[in-house]
Colleague: 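Take this structure first; my questions come after.
Letters A, B, ... mirror the listed sequences (proteins, then strands); counts begin at 1. Predicted model, so just to flag it, every value in this text is computed and none were measured.
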Amino acid sequence: MHSLVLHNSLTRRKERFEPIDPQHVRMYVCGPTVYDLVHIGNARPVVVFDVLARLLRRLYPRVTYVRNITDIDDKINARAAELGVPIATLTGRTTEDFHADLAALGALPPDVEPRATGHITEMIAVIERLIASGHAYAAEGHVLFSVPSYPAYGRLSGRSPDELLAGARIDVAPYKNNPGDFVLWKPSPPELPGWDSPWGRGRPGWHIECSAMAWKHLGESFDIHGGGTDLIFPHHENEVAQSLCAFPGASFARYWVHNGMLLVDGEKMSKSLGNFITLREALARAPGEAIRLLLLRTHYRATPDFSDAALTEAKRELDRFYRALEAFPDIHAVDPPTQVMAALCDDLNTPLALSAMHGLADAALAGDFEAACGLRAAGDMLGLLQAAPEAWFRGAGDDAAEIEAAIAERLAARKARDFARADAIRAELAARGVVLEDGPRGTTWRRAT
RNA sequence: GGUCCGGUGGCAGAGUGGUGAUGCAGCGGACUGCAAAUCCGCGAAUGUGGGUUCGAUUCCCGCCCGGACCUCCA
């Protein structure tokens, strides 16, 4: 059995992964705030942790993968007000869009997908524990976490408390005892969503939901917590602080795994910068698997620059894989090849795994059936090569019969050695994006990229 | 400014203290009526200056460049 090594942000080095319970691995990943369509930067952690979940399921008997939906947030409130709809309408619709987009990327659903609004009770319980143990205080309808009460604050993000105080660049609210203190609960005016609490009608701060949901679904201590590097501070730092103070003696997440930022034109793609490409737009330009491959061609901690050229290249790479599978309609399930497993077990080295897959494709193209089976199994680990080769090459379209007819006409012309006519037909098809391939078993066709 | 990450062929992108994977593109050849696909072959890279070492792309230090974070963010 391969042993898994993961880069742990907590120690900034690769560590051998040793689950708390080898019979049951537990992972929590930060999901989206549902106020708008996700962009392809948001898609990266989804794909990365989907691969990690697939790998964990291969290595361990049971895995619980939790990915939350943040459905209460000021951006949601603002957008709902703008649209003049209740927040539940906006978040429900956006969640459906999210699910549809991810399905197109071949991402399997997590085992649990908790929503913040369904866990207000748990959040209040965590906050009460923090107040009772002196780690939080109520002031002017707010409840704040007291950063000085937790000396290890800053450990995950590698910052000293002094530095964090000095660096506090927001206006310090008057009800804060300390500039670094952050909100656990805040009052809601009547026009905004709110829940009754011991501190009056209000709504949760951003960070508390993940502490509450991880606790509810995975327990006080669990194995892996994932998300983008941009979440390390303040979100994950605050989560750790809350959870460790609310549940002393527990470890919260033992391994923190963070994916790097996807760039576009050299800058982070983000909703706030407005330089994003929605996943839906990308899906209109290329098949979901091409986008997925684009995201997996780069190691998850690196920062790839998204471009149409990269998308095209990913599509071509998949073309070769599918061509290698094409000749073997009766592929059967086998264990993923050792080289692929070894690459994935080394901190999810997907580029190296893909390189091994190219070797398998070469062998399959040379007629090696076992290699084709291995390639397909490797594809299953990465969530790639899930289509039938014919469907991949011919794609959607209702003009197949028309194309077949043109091919038949061209065949007749070729038999009559009327190559001018045959070439004219091929050129017409090419103009429509259809490429012909004359092989020993007749002429086949595919749609060009 | 502080903290952290990174700089590898035309592009993308791994590994490695001892003659630098893989993919895409390009070039030559085979196959083909011609193509396409496939196959064979070719050219092409470790930001910069030091240090450690028999030997550094790899380890250490300085510099330059790029990116992330520094309380909205995947």
Side-chain angles (χ1 to χ4, degrees), chain A residues 9 12 29-33 35 38-49 73-75 78 147 154 157-160 162-164 166-172 179-183 205-207 226-235 237-238 258-263 266-273 276 293-294 297-299 301-305 307 309-310 312-317 319-321 323-324 326-327 343 346 349-359 361-362 365-366 393 414 417-420 422-423 426-427 430 435-440 443-446 448:
Chain A
S9 303
R12 289 183 189 76
V29 175
C30 288
T33 300
Y35 68 100
V38 293
H39 56 68
I40 59 172
N42 295 304
R44 178 127 104 136
V46 172
V47 169
V48 165
F49 292 103
D73 166 271
D74 287 350
K75 287 191 293 292
V147 169
S157 56
R159 290 151 213 270
S160 69
D162 291 349
E163 183 190 319
L164 289 164
R169 65 180 184 184
I170 53 158
D171 291 335
V172 178
D181 293 352
F182 55 90
V183 172
W206 174 29
H207 318 295
T229 55
D230 55 345
L231 294 182
I232 294 176
F233 191 86
H235 187 232
E237 190 70 62
N238 291 355
H258 290 101
N259 61 276
M261 297 295 97
L262 193 69
L263 308 180
E267 275 196 309
K268 181 172 81 161
M269 183 181 297
S270 77
K271 287 181 178 175
S272 55
L273 288 175
F276 62 88
L293 177 59
L294 167 59
R297 289 177 64 192
T298 305
H299 184 83
R301 282 188 285 114
T303 53
D305 208 343
S307 68
T312 302
E313 200 177 317
K315 167 77 166 58
R316 288 187 187 165
E317 208 167 323
D319 283 346
R320 185 172 171 84
F321 288 145
R323 220 180 289 284
E326 208 170 19
D346 183 9
N349 192 338
T350 52
L352 192 59
L354 286 163
S355 134
M357 286 169 68
H358 279 289
D362 290 344
L365 284 164
F393 287 120
R414 288 179 73 211
R417 302 199 67 77
D418 180 359
F419 294 119
D423 290 351
R426 186 170 63 196
V435 179
L436 300 188
E437 293 175 5
D438 297 327
T443 300
T444 58
W445 62 277
R446 63 187 165 87

Colleague: Work out how far the C1' atom of U32(B) is from that of G47(B), and round it to whole angstrom.
Modeller: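 So the two C1' atoms sit 47 Å from each other.
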Colleague: Could you state the CD-P distance from Glu267(A) to G6(B), rounded to the nearest angstrom?
Modeller: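 Interatomic distance, CD of Glu267(A) to P of G6(B): 21 Å.
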Colleague: Sort me out a list of protein N/O and nucleotides 13-15 of chain B N/O pairs below 3.5 Å, or just none if empty.
Modeller:
residue	atom	partner	partner atom	Å
G13(B)	OP1	Thr298(A)	OG1	3.3
A14(B)	OP1	His299(A)	N	2.8
A14(B)	O3'	Asn349(A)	ND2	3.2

Colleague: Please measure how far the C1' atom in C69(B) lies from the corresponding atom in C54(B), and state the result in whole Å.
Modeller: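 It comes out at 43 Å once rounded to the nearest Å.
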Colleague: Between G67(B) and A74(B), how many Å separate the two C1' atoms, rounded to a whole number?
Modeller: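 Approximately 16 Å lies between the C1' atom of G67(B) and that of A74(B).
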Colleague: Salt bridge check: are Asp319(A) and Lys315(A) linked by an N-O gap of less than 4.0 Å?
Modeller: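 Looking at Lys315(A) together with Asp319(A), the answer is yes, because their closest N to O distance falls below 4.0 Å.
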Colleague: Regarding Glu326(A) and Arg446(A), does a basic nitrogen lie under 4.0 Å from an acidic carboxylate oxygen?
Modeller: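 Here Glu326(A) does not pair with Arg446(A) in a salt bridge, since their nearest N and O are not under 4.0 Å apart.
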Colleague: Nearest 0.5 Å, please: how far is CE in Met261(A) from CD in Glu267(A)?
Modeller: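 Reported value, rounded in 0.5 Å steps: 14.0 Å.
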Colleague: Extract from the structure each pairing of a protein N or O with an N or O of nucleotides 27-31 of chain B at less than 3.5 Å, listing the distance.
Modeller:
none

Colleague: If you check every side-chain atom of Arg426(A), which of A35(B), G2(B), A74(B) has the closest atom?
Modeller: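 Closest nucleotide to the Arg426(A) side chain: A35(B).
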Colleague: Taking the side chain of Pro234(A) as its heavy atoms from C-beta onward, which of A74(B), C34(B), U71(B) lies nearest to it?
Modeller: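 Of the options given, the side chain of Pro234(A) lies nearest U71(B).
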Colleague: Expressed in angstrom and rounded to an integer, what is the separation of Leu294(A) atom CG from C24(B) atom C1'?
Modeller: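 About 13 Å, once rounded to whole Å.
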Colleague: Between G15(B) and G6(B), how many Å separate the two P atoms, rounded to a whole number?
Modeller: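 These two P atoms come out 11 Å apart once rounded.
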Colleague: Stem list for RNA chain B, please, built from Watson-Crick and G-U wobble pairs under 3.5 Å and keeping only runs of at least 3.
Modeller: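 The stems are B:1-7 with B:64-70, B:10-12 with B:22-24, B:26-30 with B:38-42, B:47-51 with B:59-63.
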Colleague: When rounded to the nearest Å, what value does the distance between C1' atoms of A14(B) and C4(B) take?
Modeller: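 Roughly 23 Å separates the two C1' atoms.
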Colleague: Identify which nucleotide among A74(B), C69(B), U38(B) has an atom closest to any side-chain atom of Leu262(A), counting heavy atoms from C-beta outward.
Modeller: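 Within the option list, the nearest is A74(B).
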Colleague: Determine the Euclidean distance between corresponding C1' atoms of C31(B) and C40(B); express it in Å to zero decimal places.
Modeller: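 Comparing C1' positions in C40(B) and C31(B) gives a spacing of 11 Å.
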Colleague: Rounded to whole angstrom, note down the P distance from A37(B) over to G28(B).
Modeller: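 Result for the P pair: 16 Å, nearest Å.
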Colleague: In whole angstrom, give the distance that lies between atom CE of Met357(A) and atom C1' of G23(B).
Modeller: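 It is 12 Å, rounded to the nearest whole Å.
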Colleague: From G33(B), C70(B), A68(B), pick the nucleotide closest to the side chain of Arg414(A)?
Modeller: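 My answer, after comparing the listed nucleotides, is G33(B).
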Colleague: Please give, in whole Å, the distance from C69(B) C1' to Met261(A) CE?
Modeller: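 Taking atom C1' of C69(B) as the reference, CE of Met261(A) is at 10 Å.
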Colleague: Figure out the NZ/C1' separation between Lys315(A) and C24(B), and round it to whole Å.
Modeller: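 Distance, rounded to whole Å: 14 Å.
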Colleague: Ignoring hydrogens and angles, are the base of G23(B) and the side chain of Glu313(A) linked by a donor-acceptor pair under 3.5 Å?
Modeller: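 Yes, a donor-acceptor pair under 3.5 Å.
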Colleague: Of all the choices, A36(B), C70(B), A74(B), which nucleotide is nearest to the side chain of Glu437(A) once you look at every atom?
Modeller: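 Of all the options, the side chain of Glu437(A) is nearest to A36(B).
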Colleague: So that I can tick it off, tell me whether Arg414(A) and Asp423(A) are bridged by a salt bridge, with the cut-off set at under 4.0 angstrom between side-chain N and carboxylate O.
Modeller: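 Salt bridge flag = no for Arg414(A) with Asp423(A).
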Colleague: Using the ring of each side chain (for Trp, its six-membered ring), is His207(A) parallel, tilted or perpendicular to His235(A), with breaks at 30° and 60°?
Modeller: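 His207(A) vs His235(A) ring planes: tilted.
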